[in-house]
Participant: 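Can you read through this structure? Questions will come right after.
Each residue takes its place number in the sequence, starting with 1.
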Amino acid sequence: MTLLLKGYAFTYLYVFFLIGFIGLLQKVVKLSTETSRKLIHIMLSFTWMFLYTFFWKSWQILIVPITFIIINWFSYKTKLFKMIERDTPEENHKGTIYFAIAITLLMACALIFPKTIMSTGIATFCLCFGDGFAAMFGSLFKKRIWIRKCKSVQGSLFCILGASIGIIIFSIMTGFSIPWYLITLLSVTTALLELVGNGYDNFSIVAGIYCLSSLLL
C-alpha cells in the first residue's frame, strides 16, 4: 500500500509540477502555446516510468491516466491549463484527451497481455518524443514541403529523430535492449502513423507501435 501511495504522490506531483513549470516558462521566456504543449507532451513520456515502477501488475495502473482523461476534458472545456490549449476552437482539438485515453488503453492491454508491458513503454516514448519533435522543430522551417495539411516532410524527419531518441532513452532507463535496426523501423513507422491529423495520431501511433514492437520484440 505504501508503494502505491508513493506512486500516486510522485506521479501527480510530477505532472502538475511539469504543467506549472512550463506555464511559468511560457510567461518568462514568451514560449508559444504550441511549443508549451509539445514540451509537456515530450516530458509526459516519463510518467510511464512512474506507472511501471509503482503500479505494474496492479489494476491501479489505470487510475492515473483515467484521472487525466477527466482533467484534460475539463481543461479542454474551460481552458483551465491555458498552456496546453490552443487559442481558437478550430485549432483546439481533443488531442490532450485522446492522449490520456490512448495511455489508458495501453495500460489495459498490458494488464491483459503482461508480456507486452515493454511495448507499451516503447509506444509511449515514440508518441511523446516523435510527435513532440515533429511539431516543435518541423515548424521552424519557413518553407516546408507539405505531405498533407499541417504535415510536412521536415516534420516527419524530426518525428523519426524524436522517436529514435525516445526509444534510446527508454532503453537506457529500463535496461531493455533494442537493436538499432528495430529502432530505425519503429521510428520510421512512428513518422508514418503521425501523419494522421486532428489528434488521432495519439491512437494511430500507440496502436501501431504497440502491435509492431510486440510482434518483433
Side-chain angles (χ1 to χ4, degrees), residues 6-51 54 63-104 124-144 149-152 154-159 161-166 169-170 173 190 194 197-203 205-206:
K6 285 182 178 178
Y8 285 117
F10 285 133
T11 308
Y12 286 121
L13 281 173
Y14 173 75
V15 174
F16 286 115
F17 173 80
L18 175 63
I19 293 172
F21 178 75
I22 297 297
L24 179 63
L25 203 62
Q26 185 180 32
K27 293 179 180 178
V28 175
V29 189
K30 305 298 182 184
L31 292 177
S32 68
T33 300
E34 194 60 27
T35 300
S36 299
R37 281 172 59 93
K38 294 308 175 182
L39 278 174
I40 292 173
H41 194 61
I42 291 169
M43 297 306 295
L44 281 176
S45 59
F46 297 100
T47 58
W48 183 90
M49 292 301 302
F50 289 105
L51 295 177
F54 293 106
I63 298 297
V64 172
I66 288 174
T67 301
F68 281 99
I69 294 175
I70 299 168
I71 292 173
N72 290 351
W73 177 85
F74 185 73
S75 179
Y76 171 77
K77 290 292 185 180
T78 65
K79 290 202 172 184
L80 174 65
F81 302 117
K82 293 183 179 180
M83 72 290 299
I84 65 171
E85 305 299 340
R86 292 188 174 100
D87 297 326
T88 64
E90 294 77 17
E91 296 176 327
N92 194 35
H93 54 64
K94 300 182 180 69
T96 55
I97 303 170
Y98 298 156
F99 174 83
I101 294 173
I103 301 302
T104 303
T124 301
F125 276 76
C126 281
L127 169 62
C128 293
F129 275 84
D131 184 48
F133 271 53
M136 281 182 62
F137 299 111
S139 61
L140 295 178
F141 294 84
K142 291 184 179 179
K143 292 184 178 180
R144 281 172 273 177
K149 183 180 179 182
C150 299
K151 303 291 181 180
S152 67
Q154 290 91 333
S156 293
L157 291 175
F158 275 106
C159 184
L161 175 63
S164 298
I165 292 172
I169 291 173
F170 169 82
M173 292 182 70
T190 299
E194 196 268 339
N198 296 322
Y200 295 114
D201 52 347
N202 289 285
F203 295 119
I205 291 174
V206 296

Participant: For Phe50, give me all partners under ring-ring contact (aromatic ring centres under 6.0 Å, His included), at least two apart in sequence or on another chain.
Facilitator: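 Phe50 satisfies ring-ring contact (aromatic ring centres under 6.0 Å, His included) with Tyr14 only.
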Participant: Between Phe125 and Phe46 (judged by ring centroids, cut-off 6.0 Å), do the two rings come close enough to count as a pair?
Facilitator: yes
Participant: Judged by atom type as modelled, is there a donor-acceptor pair below 3.5 Å linking the side chain of Gln26 to the main-chain atoms of Phe21?
Facilitator: no
Participant: To the nearest 0.5 Å, tell me how far Gln154 CD sits from Cys159 SG.
Facilitator: 13.5 Å
Participant: Quick one: are Asn198 and Lys94 in side-chain contact, heavy atoms under 4.5 Å?
Facilitator: no
Participant: Check the pair Val206 / Thr124 against side chain to side chain contact (heavy atoms under 4.5 Å, CB included), numbers first and verdict last.
Facilitator: CA-CA 7 Å; Val206 296; Thr124 301; 5.7 Å; no
Participant: Please determine whether side chain to side chain contact (heavy atoms under 4.5 Å, CB included) holds for the pair Lys151 and Asp201, giving the CA-CA distance in whole Å, both sets of side-chain angles, and the decisive distance to 0.1 Å.
Facilitator: CA-CA 12 Å; Lys151 303 291 181 180; Asp201 52 347; 3.9 Å; yes
Participant: My understanding is that only residues two or more places apart in sequence, or in another chain, count here; which of them pass side chain to side chain donor-acceptor pair (under 3.5 Å) with Ser45?
Facilitator: none
Participant: State which residues pass side-chain contact (heavy atoms from CB on, under 4.5 Å) with Ser139; sequence neighbours excluded, sorted by chain then number.
Facilitator: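 Here the qualifying residues are Arg144.
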Participant: Distance from Leu51 atom CG to Ile103 atom CD1, nearest 0.5 Å?
Facilitator: 8.5 Å
Participant: Which heavy atom of Cys126 sits nearest a heavy atom of Ile205, and at what distance?
Facilitator: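 Smallest interatomic distance, heavy atoms only, reads C-CG2, 4.3 Å.
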Participant: Which heavy atom in Ala135 sits nearest to a heavy atom in Glu34, and how many Å separate them?
Facilitator: CB-OE2, 4.2 Å
Participant: Can you find a pair of side-chain heavy atoms, one from Leu127 and one from Glu194, that are under 4.5 Å apart?
Facilitator: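 Result no, sub-4.5 Å side-chain heavy-atom pair not found.
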Participant: Walk me through whether Tyr8 and Phe54 qualify under side chain to side chain contact (heavy atoms under 4.5 Å, CB included).
Facilitator: CA-CA 8 Å; Tyr8 285 117; Phe54 293 106; over 6 Å; no
Participant: For a 4.5 angstrom cut-off between non-hydrogen side-chain atoms, does Thr190 reach Phe129?
Facilitator: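 Not touching, per the 4.5 Å side-chain cut-off.
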Participant: Looking at residues at least two apart in the chain, or sitting in another chain, which of them share a ring-ring contact (aromatic ring centres under 6.0 Å, His included) with Phe99?
Facilitator: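 Phe99 satisfies ring-ring contact (aromatic ring centres under 6.0 Å, His included) with His41 only.
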Participant: Working to the nearest 0.5 Å, report the span between CD1 of Ile97 and CD1 of Ile70.
Facilitator: 11.5 Å
Participant: Measure the spacing between NZ of Lys6 and OG1 of Thr11 and express it to the nearest 0.5 Å.
Facilitator: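 Separation between the atoms: 13.0 Å.
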Participant: Do Leu157 and Leu161 pass the side chain to side chain contact (heavy atoms under 4.5 Å, CB included) test, and can you show the C-alpha distance, the side-chain angles, and the key distance before you say yes or no?
Facilitator: CA-CA 6 Å; Leu157 291 175; Leu161 175 63; over 6 Å; no
Participant: Might you point out which heavy atoms bring Phe133 and Phe158 nearest each other, and give the distance in Å?
Facilitator: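 Where Phe133 meets Phe158 most closely, the heavy atoms are CB-O, 3.3 Å.
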Participant: Judged by atom type as modelled, is there a donor-acceptor pair below 3.5 Å linking the side chain of Ser75 to the main-chain atoms of Ile71?
Facilitator: no
Participant: Sequence neighbours left out, what passes side chain to side chain donor-acceptor pair (under 3.5 Å) with Ser164? Give chain and number order.
Facilitator: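 With sequence neighbours excluded, Ser164 shows a side chain to side chain donor-acceptor pair (under 3.5 Å) to Ser187, given in chain and number order.
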Participant: In chain order, what residues pass the ring-ring contact (aromatic ring centres under 6.0 Å, His included) check against Phe68, with sequence neighbours excluded?
Facilitator: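 In terms of ring-ring contact (aromatic ring centres under 6.0 Å, His included), with neighbours along the sequence ignored, Phe68 is linked to Tyr12, Phe16.
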Participant: Check whether any side-chain heavy atom of Val64 lies under 4.5 Å from a side-chain heavy atom of Thr47, and answer yes or no.
Facilitator: no
Participant: Minimum heavy-atom separation for Gly95 to Asn202, with atom names?
Facilitator: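 Scanning both residues completely, I find the closest heavy atoms to be O-ND2, 3.4 Å.
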Participant: What are the two closest non-hydrogen atoms of Ile40 and Leu18, and how far apart are they?
Facilitator: O-CD2, 3.9 Å
Participant: Would you say the side chain of Met136 lies within less than 4.5 Å of the side chain of Ile42, judging by non-hydrogen atoms?
Facilitator: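 Ile42 vs Met136: side chains touch.
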